[in-house]
Enquirer: 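Dumping the structure here so I can ask a few things about it.
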Amino acid sequence: MTTLKGQLQEDLTAAIRARDELRSSTLRLTLAAVTSAEVAGKEKKELSDAEVLQVIGKEAKKRREAADAFEGAGRAEQAARERAEGEVLAGFLPKQLSDGELAAIVAAAVAESGASGPQGMGAVMKLVRPQVEGKADGGRVAAAVKAALVG
């Protein structure tokens with residue numbers, strides 16, 4: 001069984017052989033981020049697949065934010081490249097939850113916690129976060145919880 005880091009390295013090799021510049025540069029940067037995370041701290045460690053997924057998620061989020069920033073600055077070409085890099089990384093991430101699936105998880109957590117109003121947000125988030133880890137952006141989750149508690 002191949003680890004996720006090994007899969008990234010294999011895909012990088014294939015992208016280089018295929019002369020796919022976008023994919024190879026994206027995977028190089030992602031592997032550099034994984035290596036950086038491995039050597040961070042007092043001693044070097046091998047990241048688990050879950051930790052590598054977190055690194056890939058952070059890299060994908062950086063691409064989304066950069067694309068939005070380029071879009072706002074009127075630099076459509078750079079925004080398109082950032083979005084394309086995000087698509088490459090999305091292939092390694094778990095399928096994102098739809099708004100309906102997220103709303104159902106939040107509704108169940110609200111019912112379970114008995115929370116009402118904005119002051120119950122922490123309790124609901126504590127129940128929701130483990131279920132949606134890696135499958136939904138934190139901002140989306142917070143917005144869904146806030147909407148469920150206010151509405």
Side-chain angles (χ1 to χ4, degrees), residues 1-110 121-122 124-151:
M1 185 171 128
T2 306
T3 64
L4 187 54
K5 183 180 176 184
Q7 182 65 44
L8 283 169
Q9 290 169 331
E10 289 172 13
D11 286 3
L12 173 60
T13 303
I16 291 171
R17 285 191 178 135
R19 299 193 189 281
D20 185 346
E21 192 275 329
L22 174 76
R23 190 168 180 81
S24 63
S25 68
T26 303
L27 293 175
R28 268 192 190 107
L29 288 171
T30 304
L31 280 167
V34 169
T35 302
S36 177
E38 286 178 336
V39 298
K42 294 188 188 259
E43 51 185 76
K44 185 178 185 210
K45 65 175 184 158
E46 187 76 22
L47 294 182
S48 68
D49 280 354
E51 292 168 322
V52 172
L53 265 179
Q54 286 180 335
V55 171
I56 295 172
K58 287 178 187 175
E59 291 297 308
K61 184 177 181 183
K62 285 180 192 176
R63 300 310 191 284
R64 283 192 303 272
E65 291 171 351
D68 291 343
F70 281 132
E71 196 78 31
R75 299 174 71 181
E77 191 174 306
Q78 286 93 343
R81 176 160 176 109
E82 292 292 335
R83 291 194 201 297
E85 288 180 2
E87 290 299 316
V88 169
L89 294 175
F92 294 95
L93 294 171
K95 182 181 171 290
Q96 296 291 297
L97 293 173
S98 70
D99 289 338
E101 293 169 328
L102 181 59
I105 291 171
V106 169
V110 168
M121 188 162 178
V124 176
M125 287 295 286
K126 193 179 292 186
L127 293 171
V128 171
R129 185 164 288 142
Q131 298 176 47
V132 300
E133 190 70 43
K135 298 178 192 167
D137 184 53
R140 264 185 71 210
V141 175
V145 169
K146 188 179 280 187
L149 290 174
V150 172

Enquirer: Locate the shortest heavy-atom distance separating Val106 from Ala144; write the atom from each residue and the value.
Expert: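 Taking Val106 first and Ala144 second, the nearest heavy atoms are CG1-O, 3.9 Å.
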Enquirer: Quick check for you: to the nearest 0.5 Å, what is the distance between Ile105 atom CD1 and Leu97 atom CG?
Expert: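 Between atom CD1 of Ile105 and atom CG of Leu97 there are 5.0 Å.
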Enquirer: Can you tell me how far apart CD (Glu65) and CZ (Phe70) are? Round to the nearest 0.5 Å.
Expert: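 Spacing of CD (Glu65) from CZ (Phe70) equals 12.5 Å.
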Enquirer: Look at Glu59 together with Lys62 and state whether they make a salt bridge at an N to O cut-off of under 4.0 Å.
Expert: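 Salt bridge: yes.
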Enquirer: What distance do Leu89 atom CG and Thr30 atom OG1 have between them, rounded to the nearest 0.5 Å?
Expert: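 Between Leu89 CG and Thr30 OG1, I get 4.0 Å after rounding to 0.5 Å.
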Enquirer: Could you pull out the closest heavy-atom pair between Glu51 and Ser48, with the gap in Å?
Expert: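 Closest approach of Glu51 to Ser48: OE1-N, 2.8 Å.
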Enquirer: Within a strict 4.5 Å, meaning less than it, do heavy atoms of the Leu27 and Leu29 side chains meet?
Expert: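 No; the side chains remain at least 4.5 Å from each other.
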Enquirer: Do the side chains of Asp68 and Arg83 get close enough for a salt bridge, i.e. N-O under 4.0 angstrom?
Expert: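 A salt bridge is present here (some side-chain N lies under 4.0 Å from a carboxylate O).
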Enquirer: Given side chain to side chain contact (heavy atoms under 4.5 Å, CB included), test Thr3 with Glu46 step by step and report yes or no.
Expert: CA-CA 11 Å; Thr3 64; Glu46 187 76 22; 5.8 Å; no
Enquirer: With no hydrogens and no angle check, just 3.5 Å: does a side-chain donor-acceptor pair link Ser25 and Arg81?
Expert: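 Yes, side-chain donor-acceptor contact under 3.5 Å.
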Enquirer: When you measure from the side chain of Ser36 to the backbone of Ala32, do you find a donor-acceptor pair of N or O atoms at a distance under 3.5 Å?
Expert: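 No.
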Enquirer: Are any of the side-chain nitrogens in Glu85 or Arg64 under 4.0 Å away from the carboxylate oxygens of its partner?
Expert: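 Salt bridge: no.
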Enquirer: What pair of heavy atoms forms the shortest contact from Phe92 to Leu53, and how long is it?
Expert: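 Distance-wise, the nearest heavy atoms are O-CD2, 3.3 Å.
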Enquirer: Can you confirm whether Arg129 sits close enough to Val141 that some side-chain heavy atom of one is under 4.5 Å from a side-chain heavy atom of the other?
Expert: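 They are not in side-chain contact.
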Enquirer: What I want to find out is whether Arg23 reaches Glu87 closely enough, with some N-O distance under 4.0 Å, to be called a salt bridge.
Expert: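 Looking at Glu87 together with Arg23, the answer is no, because their closest N to O distance does not fall below 4.0 Å.
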Enquirer: Would you name the heavy atoms of Ile56 and Leu93 that are closest together and state the gap between them?
Expert: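 What the structure gives for the nearest pair is CG2-CD2, 3.6 Å.
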Enquirer: How long is the straight-line distance from CE of Met125 back to CG of Leu149, given to the nearest 0.5 Å?
Expert: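 Between Leu149 CG and Met125 CE, I get 10.5 Å after rounding to 0.5 Å.
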Enquirer: Whether the side chain of Asp49 engages the backbone of Leu4 through a donor-acceptor N/O pair (distance < 3.5 Å, no angle test) should be reported.
Expert: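 Yes; at least one donor-acceptor contact below 3.5 Å.
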Enquirer: Count the heavy atoms belonging to other residues, nucleotides or ligands that lie under 6.0 Å from CD of Glu77, then report whether that count exceeds 12.
Expert: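 Not buried by this count: 12 neighbours or fewer within 6.0 Å.
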Enquirer: Would you check if Arg17 and Thr13 make a side-chain contact, meaning some heavy-atom pair closer than 4.5 Å?
Expert: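 Side chain of Arg17 against side chain of Thr13, heavy atoms only: contact under 4.5 Å found.
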Enquirer: Could you give me the CA-CA distance, side-chain angles and deciding distance for Glu82 and Arg75, then say whether salt bridge (Lys or Arg N to Asp or Glu O under 4.0 Å) is met?
Expert: CA-CA 11 Å; Glu82 292 292 335; Arg75 299 174 71 181; over 6 Å; no
Enquirer: What's the shortest heavy-atom distance between Val55 and Ala37, and which atoms?
Expert: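 Looking at all heavy atoms of both residues, the shortest contact is CG2-CB, 4.0 Å.
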Enquirer: Assess whether a salt bridge exists between Glu38 and Lys5, defined as any Lys/Arg side-chain N lying under 4.0 Å from an Asp/Glu carboxylate O.
Expert: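 Counted as a salt bridge, because a side-chain N and a carboxylate O are separated by less than 4.0 Å.
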Enquirer: What's the shortest heavy-atom distance between Gln96 and Glu101, and which atoms?
Expert: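 The answer is O-OE1, 4.4 Å.
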Enquirer: Any chance you could measure Arg28, atom CZ, to Leu8, atom CG, to the nearest 0.5 Å?
Expert: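 Separation between the atoms: 13.5 Å.
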Enquirer: With a 4.5 Å cut-off on side-chain heavy atoms, are Leu47 and Lys45 touching?
Expert: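 Yes, at least one pair of side-chain atoms sits under 4.5 Å.
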